[in-house]
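Here's the structure, in structure tokens; my notes come after.
Please read all numbers here as calculations on a predicted model, not as lab measurements. Chain naming here is simple, since letters A, B, ... match the order of the sequence lines and numbering starts at 1 in each.
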Protein chains: 2
Amino acid sequence: MKQESAKERILLAAGPIFASKGFEKTTVREICSAADVNVASINYHFGDKKELYTQALILARQLREEQVPFPAWTDDVTPDEKLRGFIALLLQRIVVMQTEPWEIRLLLREVMHPTDAARPLIENYFRPFLDRLMSIVDEILEHRLPDHQRHQIGFSIIGQCMHYRVSGEMISMMISEDEYQNCFEIQNLADHIWRFSLGGLRGIRESIVDSQLSASDRLSNQVPS
Amino acid sequence: MKQESAKERILLAAGPIFASKGFEKTTVREICSAADVNVASINYHFGDKKELYTQALILARQLREEQVPFPAWTDDVTPDEKLRGFIALLLQRIVVMQTEPWEIRLLLREVMHPTDAARPLIENYFRPFLDRLMSIVDEILEHRLPDHQRHQIGFSIIGQCMHYRVSGEMISMMISEDEYQNCFEIQNLADHIWRFSLGGLRGIRESIVDSQLSASDRLSNQVPS
DNA sequence: TAGTAATTCAAACAATTGTTTAATACACTC
DNA sequence: GAGTGTATTAAACAATTGTTTGAATTACTA
């Protein structure tokens, strides 16, 4: 009298396993063991392993169709504080990712190995991050830069965060375990990246002011020689 | 009358294959076929597949050291210029995709998914690289921060560069092809990352000055109540 | 040149993989 | 309740993996 059919149990068991180990390293026997079904069941119900993976991907997408919303900031939150919140959120959701549900992790895995035509999915997930970030940058700079500069700034901030995901293992090997435990927690990292990026932004803002000044110099305020 | 011994041919053949497919997906038979040796040769000369991988990594590092030595800066180069040079060098080493030598791909693979073979790599290759960057940072700040902060700064700069390598695909999805062609050349990126990082460093330097001031306030300049 | 050590080779080995099979158990209809 | 189609099972299968074996060949030395 099991609530879920064998097919459902396989699908539900496969998702998290695929999400954490990927397609290649996941064995059908492991899935069947987790789903408590016979080894032949995958082939009986899904045809083959690949089709099961596809179904798991589809299921993940259905379950996560709606975008995960960003926190809504009230009006009294300063742009600087928003940036701090954004960086912490990015670190939390994409870098650590343990807190993310398996559906997201599975989809993200697909993102990292861009073999399939899952392009729109990628856009849907990452585009809001970048857009949101750039609008915060606009606020901080009190100025909307040309797109390519906005993008470069966005990638500078995202890149700092992503590095802890992409090279996280290497980083943990390069510094002492003690330092890693104490100084590379999410909040520590968010603080540093926040400060570093605020500095970078301020430098850019000042260079804007300079260029504007020099531009107005050239235009209307020629210094008499 | 072959110039290269079987052992050498195996090593030379293994490098590019490991680099393009990774350790798991590379089969010993493929390597042996490429090296034109018997299947048993790997085990005879190297013991097992894993040791061959380690040797290939070591070779990659040696070749890379010879190919791209670090520039020796003269005394009149300012720390800021050194940072600019460092960033450009890093970008040049890791971002260029086409005509990219297998040594880089193999090394970067190890960065993202380190195996046991990564330990000596870190000590001999990556650590000195990070140290170099951090010493430049020390010069710019005219102050040696605690290690964890030096590391975080180093990772912030390296992370910005790495992002264009690791997420290059996603980046090209986020921006128009036109913008990508015109504004994301290596020199453009180096300029931006350089400026952004200089700003970040300046922010940190000022926070040092502030904390030193407030520290001296507390220590020797107590305000009479 | 004879002999010994090092190397190469085809073949087999053991383990793991995804998949198939054929018998059995179950569920449902008439 | 017999019959029929579906579902489950243990076992085997075929393919691939890294590795080992033992004989054959080569290279080197005394």
Side-chain angles (χ1 to χ4, degrees), chain A residues 1-60 102 106 109-110 113 115-116, chain B residues 1-60 102 105-106 109-110 113-120:
Chain A
M1 306 304 170
K2 286 162 185 164
Q3 297 283 6
E4 297 162 325
S5 70
K7 184 170 181 177
E8 286 169 331
R9 271 181 296 145
I10 292 174
L11 200 52
L12 268 300
I17 298 177
F18 278 137
S20 66
K21 310 181 66 172
F23 179 79
E24 305 283 353
K25 292 198 170 184
T26 298
T27 70
V28 292
R29 281 171 173 81
E30 182 182 3
I31 295 174
C32 291
S33 170
D36 198 30
V37 297
N38 186 268
V39 216
S41 301
I42 286 181
N43 300 91
Y44 179 79
H45 287 289
F46 294 93
D48 59 8
K49 180 188 175 187
K50 172 120 188 168
E51 179 60 23
L52 170 59
Y53 183 78
T54 303
Q55 293 300 322
L57 219 51
I58 291 175
L59 175 63
W102 67 264
L106 185 58
R109 182 175 286 276
E110 203 65 14
H113 300 267
T115 49
D116 274 299
Chain B
M1 309 295 174
K2 285 164 186 166
Q3 295 283 7
E4 297 163 323
S5 70
K7 186 171 181 177
E8 286 170 331
R9 270 181 295 145
I10 292 174
L11 200 52
L12 267 301
I17 299 177
F18 277 137
S20 67
K21 311 179 67 171
F23 178 80
E24 305 282 353
K25 292 196 172 184
T26 297
T27 69
V28 293
R29 283 172 174 79
E30 183 182 1
I31 295 174
C32 291
S33 169
D36 196 31
V37 297
N38 187 267
V39 217
S41 301
I42 287 181
N43 298 92
Y44 178 78
H45 287 289
F46 294 93
D48 59 8
K49 180 188 174 187
K50 190 168 177 179
E51 180 60 24
L52 170 59
Y53 181 79
T54 303
Q55 293 301 322
L57 260 183
I58 292 175
L59 175 63
W102 64 267
R105 296 205 313 273
L106 187 59
R109 194 176 278 278
E110 200 65 16
H113 300 106
T115 67
D116 296 336
R119 288 278 171 201

Donor-acceptor pairs under 3.5 Å, side chain of residues 52-60 of chain B to any protein atom, not counting sequence neighbours: which ones?
from: B:Tyr53; atom 1: OH; to: B:Glu110; atom 2: OE1; distance (Å): 2.6
from: B:Thr54; atom 1: OG1; to: B:Lys50; atom 2: O; distance (Å): 3.1
from: B:Gln55; atom 1: NE2; to: B:Glu51; atom 2: OE2; distance (Å): 2.7

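For A:Lys25, the side-chain hydrogen bond (donor to acceptor under 3.5 Å, both in side chains) criterion is met by no residue, not counting sequence neighbours.
Rounded to 10 degrees, the angle separating the terminal axes of the helix from C:dT1-D:dA30 to C:dT16-D:dA15 is 10°, with each axis obtained from five end pairs.
At a non-hydrogen distance threshold of 4.0 Å, B:Tyr44, B:His45 from residues 43-54 of chain B come into contact with DNA chain C. Near-neighbour residues of DNA chain D inside residues 22-30 of chain B, defined by a heavy atom below 4.0 Å, number-ordered: B:Thr26, B:Thr27, B:Val28, B:Arg29. The stretch residues 14-21 of chain A does not touch DNA chain D, since none of its heavy atoms comes less than 4.0 Å from the strand.
A distance of 10.0 Å separates CD of B:Glu4 from CG of B:Leu11, quoted to the nearest 0.5 Å. Note that CG of B:Leu106 and CZ of B:Phe18 are 8.5 Å apart. Values are rounded to the nearest 0.5 Å. Note that the OG atom of A:Ser33 and the CD1 atom of A:Ile17 stand 8.0 Å from one another [nearest 0.5 Å]. Distance CZ/B:Arg109 to CZ/B:Phe23: 12.0 Å, rounded to 0.5 Å.
Nearest approach of B:Lys49 to B:Glu24, heavy atoms of both residues: NZ-O, 3.7 Å. Minimum interatomic distance between A:Thr26 and A:Lys21 (heavy atoms only, all atoms of both residues): OG1-CB, 3.6 Å. Scanning all heavy atoms of the two residues, the minimum distance from B:Ala13 to B:Ile31 falls at CB-O, 4.1 Å. B:His45 and B:Ala6 get closest at one heavy-atom pair: NE2-CB, 4.2 Å. Closest approach of B:Ser20 to B:Arg105, counting heavy atoms only: CB-NH2, 3.7 Å.
Put simply, the side chain of A:Lys7 does not reach to within 4.5 Å of the side chain of A:Tyr44, judged on heavy atoms. Residues A:Phe46 and A:Ile10 form a side-chain contact, since some pair of their non-hydrogen atoms from C-beta on lies under 4.5 Å apart.
Distance A:Asn38 CG to D:dA12 P: 14 Å, rounded to the nearest Å. In this entry the distance linking CD1 of B:Ile10 with P of C:dT7 reads 11 Å, nearest Å.
Residue A:Ala40 is classed as a base contact, given a heavy-atom separation below 4.0 Å to a base.
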